[in-house]
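Lettering of chains follows the sequences in order, A, B, ..., and the numbering in each one begins at 1.
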Amino acid sequence: MSKYHFNNIEAKWQKYWAENQTFKAHNQSDKPKYYVLDMFPYPSGSGLHVGHPLGYIASDIYARYKRHKGFNVLHPQGYDSFGLPAEQYAIQSGQHPSKTTKENILRYREQLDRIGFSFDWSREVQTSNPDYYKWTQWIFIQLFESWYCNKHEQAFPISELIKLFEEEGNILINVRCGIKLPDFTSKSWNGYSEEKKQKILLNYRLTYLAETEVNWCPELGTVLANDEIVNGISERGGYPVIRKKMTQWSMRISSYAERLLKGLDKLDWSDSIKEIQRNWIGKSIGASVMFRVSNENQEFQGATINTFTTRPDTIFGVTFLTLSPEHELVDKITTIEQRHDVGKYIEASAKKSERERMADVKNITGVFTGAYAKHPLTKKSIPIWIGDYVMAGYGTGAVMAVPCGDQRDHDFARHFNIPIVNIFEGIDVSVEAFVNKEETIITNSDFINGLSYEEATQKVIEKLESIERGAMEINYRLRDAVFSRQRYWGEPFPVYYKEGLPQMIDIKHLPIQLPEVERYLPTKTGNPPLGRAEVWAWDTKKNEVVPNNKIDYKSVFPLELNTMPGWAGSSWYMFRYMDAHNKEVFASKEAMDYWENVDLYIGGSEHATGHLLYSRFWVKFLFDRGFLKVNEPFKKLINQGMILGESAFVNRIDGKNQFITESKLGNLIVQPIQTDVSFVNNSNELDIDAFKKWRPEFKDAKFITEDDGTFKVSREVEKMSKSKYNVVNPDDICEQYGADSLRMYEMFLGPLEQAKPWNTAGITGVHSFLKKLWKLYHNGAGESFLVSDDPATKDSLKILHKTIKKVEEDIENFSFNTSVSTFMIAVNELRSQKCNHKVVLEPLLILLSPYAPHIAEELWNKLGNNESISKAPFPVFDEKYLIENTKEYPISFNGKMRFTMELSLDLSKDEIETAVMAHEKTKHYLKGRKPDRVIVVPGKIVNIVG
RNA sequence: GCUGAAGUGGUGGAAUUGGUAGACACGUUGGACUUAAAAUCCAAUGAACAGCAAUGUUCGUGCGGGUUCAAGUCCCGCCUUCAGUACCA
């Protein structure tokens, strides 16, 4: 038992940590608190590959470091266990998603345990667990029971809104909510039926049921949120997405747009991720401008088209209006002559999928409505067009077109021969629009002639406000988030329907558990899978879920058939860890007061516009309603980069079952066949026999090899994925090299936030470092433990303190990669000094233990310590060991470095100069010349010029 | 198009923030040990030129300029790659 048997050591300490609950966090402590969190994984069927633990290793290093630094550290882990893949698998296999999920979680746990994380598993959460989603449902109800007041920039209980309606109607409230509903007085409110009141209230609630245009994915049979679509196709599966009108639950995240934007300034997140969120929220300041319709159709004379513009200064350049095809007034204002063309155009554009519309950007299409509107300032009549370059979802779905100042308006005007009016001094706009607002001088524009963009904008807004035809307005790109999914494996809504109106189930009766279904597909009538459940009705007398055949619409009502999206459970889980088993509340006040929010959050940047935005929204809402003390979930965020795989390809000669080695490819036409990377060694040589056995069609394949008989593959770096056969399993690495090697190597690969390719061959470097470390604590042959109590040499102490300083700085800066190098250098130097002194070797283990906890625990134990190394305080850096009397000064001539010279540190500037000029080598380089001047930067450099 | 990040040996990547570019590791080559392999250890390794040699000289951080005694690092102008986003008015 003297060699470095990492497998035994690692198993031993993992067992020890579990049995002693070494990493259990307590909700009370004299120590300062620190909360380190990973984005919890979705437990997929393929298990973990070496890329997944990267962020977990980083957070584990930091958590362990903080413990050494005397913090009470909360470092939990759990599973985001609702989601599409388990359900897709259930559809194919008929197996219940909960079964698959449970199996996958077990497998994940095994894999995670093997890497030696310091998670407090007693706080584990699973979003698909009813004890957990009870509170997801509870939050949903709270959102339903709340409205947002812009005046106070805060959410309030809906009961207060009802009180306001009873007292003053909704006229002022609408202004405060930014909602456009017919006004009513308190008197008429009080006279409304209960049903009408409920319908009105739905327009104010923070989660609401509404017919909205949604992204429908026919292949997946569900709607998708904007962030679940990439390039017009679904993020999962890559299926086409079309626009469809459906009644859906939505979250009024748009109410929080301004606060979500402002809150970013105070967060310690990377600039890039903040910028992504800022762009996604997409604030633009401009004005609304109203145009009255004035067509011959008497009935709609006086209808008003509201437009949004960021360039009010260009208002005198307006020559037409464009409405989106979906605009509500299109139908009303179109003249009888134009009705046919308009109808055809709308039909055609509705058929286009999101993707086609995007691909079609260069094609200018549109149609004239026949109607005209009056310009609010010039009173001129301008035509109203329809064009699908105007989006229904942004602004008001209508634009005032200024062809001289906007390229799209310009293109449209030229295509349809609409006049272009120039309002820019000294600019030619006949070929393209002039869009540089900073250099604008306005002309041809009545009272704003000669003004700059800012001045003109302000004057125009003032004018429009005075004649009540517009106002300053702020618009956000951020849309309300669709919250319904037509799927089985998600949180059921705590909602039943009475007379077509949604009713919340009292929170006393939560959770509403997912019902059993026979199959996981939509019903024949197109209802979601929950439509197949036979026990899915709500009995308002018994307050429980009962069979559907009991529905009488008097006391038993049908339940909601949709389920919640994946981001529901992940939007608040960071608070559940604080008090994971609480049955009364989602987490106790004491626990939340103590832990506050996450100090350090580590996860991928792909969640920038999804999870990271939604959870900020929910936290702000829970804060408003007094359920939370904090209004941001994550103080500091680190986005770890992806670890990529190195795929291998064998090249098949076109049309033949014959493969050719890399170097002989020449100009041959070949098809690269992706092959399993386990058949390929470090020199890119293919194991031909393994490859032949892999697939029956390759059994008789012929191989044109290199001259030495080997066959070389082509390689390419891409995402690690089962379908690319380039997955490396962390279990295999642990088996062969140990978890400590895996942990250190993942850190060593490169900067945490950067994407980098995995190369198993390189792991021997850190692995042999650990072996050398082991030998440092044993006698030369690595036979017996040998650490001396003698005082250490000055040089050894210097190495130790250099290492303390560097490692501490590195961890604080999350430069874990350079720390690993620091350890390697330290161990090499200590070995060359034959250092075996406890005073040096003991602190070294504490430094190393966040990175390689198992070997550190083992050696720590061998040094005679009975407690886990994780309880040891971080070594204190002492500068006195690094102070030197002399220093190597670089001496350069004309900026070119020539040699170094050892000089005493207490020399003055002049003394250094004298010493340098007297040096033999200086004379050699000067070759008798006299220098123009000598520059001495004390402590740094001497430069001789001339 | 817009926004953000980044370009350094054969490879992954260092560089105290303006001060000896290429740390550390992989790979490669040579050597030691061994019957052999594995393991381990040692040495060399940016390029070019000169020299038997120690060594020396020149070039070198995407490209072109600039500031400075001194630039991978700062400034100006480009190029390329990656990521996010997009008829957003």
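Taken together, the paired segments of RNA chain B that extend over three or more consecutive Watson-Crick or G-U pairs, each closer than 3.5 Å at both contacts, are B:1-7 with B:79-85, B:10-12 with B:24-26, B:27-32 with B:40-45, B:46-50 with B:55-59, B:62-66 with B:74-78.
Looking at residues two or more places apart in sequence or on another chain, you find a side-chain contact (heavy atoms from CB on, under 4.5 Å) between P383(A) and F320(A), F368(A), Y372(A), W385(A). Qualifying side-chain hydrogen bond (donor to acceptor under 3.5 Å, both in side chains) partners for T310(A), counting only residues two or more places apart in sequence or in other chains: none. Remark: E432(A) engages no residue in a salt bridge (charged side-chain N to carboxylate O under 4.0 Å, His left out) (not counting sequence neighbours). Checked against salt bridge (charged side-chain N to carboxylate O under 4.0 Å, His left out), D910(A) has no partners two or more places apart in sequence or in another chain. Residues forming a ring pair (Phe, Tyr, Trp, His ring centres under 6.0 Å) with F434(A) (at least two apart in sequence, or on another chain): F424(A). Residues forming a side-chain hydrogen bond (donor to acceptor under 3.5 Å, both in side chains) with T322(A) (at least two apart in sequence, or on another chain): Y389(A). Residues satisfying the side-chain hydrogen bond (donor to acceptor under 3.5 Å, both in side chains) test with R408(A), not counting sequence neighbours, are D406(A).
Residue M824(A) places its side chain closer to C24(B) than to any other of G4(B), C24(B), A89(B). Comparing A89(B), C69(B), A86(B) by their closest approach to the side chain of R477(A) singles out A86(B). In the set C26(B), U85(B), A89(B), C26(B) carries the atom at the smallest distance from any side-chain atom of A761(A). Of the candidate nucleotides A89(B), G4(B), C69(B), C69(B) has the atom lying nearest to any side-chain atom of N943(A).
With hydrogens and angles left out, the side-chain atoms of Q407(A) and D411(A) include a donor and acceptor closer than 3.5 Å.
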Side-chain atoms of residues 469-477 of chain A: list all donor-acceptor pairs with protein atoms under 3.5 Å, sequence neighbours left out, distances to 0.1 Å.
unit_1	atom_1	unit_2	atom_2	d
E473(A)	OE1	S288(A)	OG	3.4
Y476(A)	OH	E258(A)	OE1	2.3
R477(A)	NE	N279(A)	O	3.4
R477(A)	NE	W280(A)	O	3.3

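Taking atom P on both G62(B) and G7(B), the two are 8 Å apart, rounded to the nearest angstrom.
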Listed pairs, N/O of protein and of nucleotides 12-17 of chain B, under 3.5 Å:
unit_1	atom_1	unit_2	atom_2	d
G12(B)	O2'	L749(A)	O	2.6
G13(B)	OP1	Q754(A)	NE2	2.7
A14(B)	OP1	N817(A)	ND2	2.9

Anything under 3.5 Å between a protein N or O and an N or O of nucleotides 37-46 of chain B, put it in a table, one pair a line.
unit_1	atom_1	unit_2	atom_2	d
U40(B)	OP1	K771(A)	NZ	3.1

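Applying the salt bridge (charged side-chain N to carboxylate O under 4.0 Å, His left out) test to pairs two or more places apart or on separate chains, those with a residue in residues 743-762 of chain A are D60(A)-R743(A).
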